[in-house]
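Chain identifiers are assigned alphabetically (A, B, ...) following the order of the sequence lines, protein sequences preceding nucleic acid strands; residue numbering begins at 1 within each chain. Heavy-atom basis, side chains included; hydrogens, waters and symmetry copies ignored.
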There are 2 protein chains.
Amino acid sequence: MTAEGSSGGNRRYDPDRKARIIEATLEVIAVQGVSGTTHRRVAEAADVPLGSMTYHFASLNDLLKQAFLKLTQEITHHFDAAFQKAQTADEAREVVVDVMCGWYAMTDRKMTLILELYAYVARNPQTRHVMTGWMAKSREALERHFSPAVAASLDAMIEGATIHNFMHPDGISRDAARVIVAKLSS
Amino acid sequence: MTAEGSSGGNRRYDPDRKARIIEATLEVIAVQGVSGTTHRRVAEAADVPLGSMTYHFASLNDLLKQAFLKLTQEITHHFDAAFQKAQTADEAREVVVDVMCGWYAMTDRKMTLILELYAYVARNPQTRHVMTGWMAKSREALERHFSPAVAASLDAMIEGATIHNFMHPDGISRDAARVIVAKLSS
DNA sequence: TTGCGTTATGTACGTTTGTACGCATAAGTC
DNA sequence: GACTTATGCGTACAAACGTACATAACGCAA
């Protein structure tokens, strides 16, 4: 009775609702951009009533902030997992190459979300900690295999190469990436 | 009589109006983001009546497109000018260092605009040519001093370092940048 | 002057927006 | 069962939106 108890059309008791709304928010942002993200569109995507929006989130900005935070946490998780597997420095270098071009789960959707995040943070300084936190985690993962200076350069290169490859299909090939990583980490 | 002839409150004949609207658009985007850029806000910023918006631009998207195009042209111009001065490879390397951290005129405002552009292009594939055109010009400038492969890597590094330095104040120092450029261009 | 064609603008319209809030419905307690 | 409290939601509203369009203001030819 407690579970599955949807007694007709109008739903009740849906403990994952808030999480689902956040996920739906990312979906809407990916397709419509922050500029096209509205309470109503997210509500429809998450299949919840409009009233749930203002009930679970103080404002639209609050919703965006939480959605972007979840995005960075997911990415950080993937990033960490990839580097956790690497044992030797050479293996770590290969992971960097993987991330630079191809990425494990860097779909167009995720890349779009990241760029929306950047723009959002640039215009909302009070959410900058979302970025600095993410960057710190990435740096930390890299510094388990490289010196701080090299880690910083690899991090920047990952950023730039990922964006350039996204914007211009055949930007940096896998072989080219290998050469670059070798140079930077020497 | 033809110039300065504002015969009271309601203006007439203002040949630079379109250009001024585009500039005002960039100003609004920088502060409010694409999501907060409206006909009315731009009109106020440019000090033109609302009707001028739909008169000079087919739609809001058309306006955004033209504004972003102007942004990339300005940046390209600065970029080219900087590299035009460099005669030797070493001088070119130093320009790359300049651009990576500090940039000639890379204010927070301009960086914000660039990030908004990225997000906009990611969501509007039909405007991707604005990005590919810009990238081609940058690549071209770099290839006057470096091999294609090295130019591509420097371009990506500039991208990543600029963004990281913007997000996290003391990301890559000038000395560190010099080391990185030396490695990449060897 | 008058007339005409182009250029520009004020205004109105139908939508969509974020958000507030009264009320319905559940769980909790006896 | 009855009653109380906490939780969730349908709905309403003022503000702001993009856009269209009738009409005003001009330059210019006659």
Walk me through it: do B:R144 and B:Q84 pass the test side-chain contact (heavy atoms from CB on, under 4.5 Å)? CA-CA 9 Å; B:R144 278 201 294 273; B:Q84 215 86 47; 3.9 Å; yes
Calculate the interatomic distance between A:K18 atom NZ and D:dT7 atom C1'; express it in whole Å. 14 Å
Please state how far atom CG in A:L60 lies from atom C1' in C:dT16, giving the value in whole angstrom units. 13 Å
Quick one: is D:dC9 close enough that its OP1 or OP2 comes under 4.0 Å of any side-chain N or O from A:R17? yes
Nearest listed nucleotide, side chain of B:P49, among D:dT19, C:dT9, D:dC13: C:dT9
With nearest nucleotide decided by heavy atoms, which residue, B:L50 or A:R40, maps closer to the 5′ end of DNA chain C? B:L50
Identify, between B:G51 and B:R41, the residue whose nearest nucleotide on DNA chain D lies closer to the 5' end. B:R41
Only residue of B:K18, B:H39, B:R17 satisfying side-chain hydrogen bond (donor to acceptor under 3.5 Å, both in side chains) with B:S52 is B:R17
Between C:dA8, C:dT19, C:dA12, which nucleotide gets closest to the side-chain atoms of B:H56? C:dA8
How many whole angstroms separate atom CG of B:D47 from atom P of C:dG10? 11 Å
Check every strand shown and say whether A:T37 touches a base, only sugar-phosphate, or nothing at a heavy-atom separation below 4.0 Å. sugar-phosphate
How long is the line joining CG of A:L63 and C1' of C:dT17, in whole Å? 15 Å
Quick one: A:F57 CZ to D:dG8 P, roughly how many Å, whole number? 12 Å
Side-chain N or O of B:S52 versus OP1/OP2 of C:dT9: is the shortest distance under 4.0 Å? yes
Under a plain distance cut-off of 3.5 Å, with no hydrogens placed, do A:E116 and B:Y120 share a side-chain donor-acceptor pair? no
Distance check: side-chain N/O of A:T38 vs OP1/OP2 of C:dT17, anything under 4.0 Å? yes
Side-chain contact, heavy-atom cut-off 4.5 Å: A:K137 with A:F79? no
Measure CG/B:N61 against P/D:dC17 and give the value in whole Å, please. 16 Å
Side-chain atoms of B:T54 come closest, of D:dG10, C:dG18, D:dA20, to D:dA20
Could you tell me how far apart B:H39 (NE2) and D:dA20 (C1') are, to the nearest whole angstrom? 12 Å
Under a 4.0 Å threshold between the charged nitrogen and the carboxylate oxygen, would A:E91 count as salt-bridged to A:K85? no
Rounded to the Å, how far apart are B:E44 CD and D:dG18 P? 14 Å
Output yes when at least one side-chain N/O atom of A:Y55 is less than 4.0 Å from OP1 or OP2 of D:dC9, else no. no
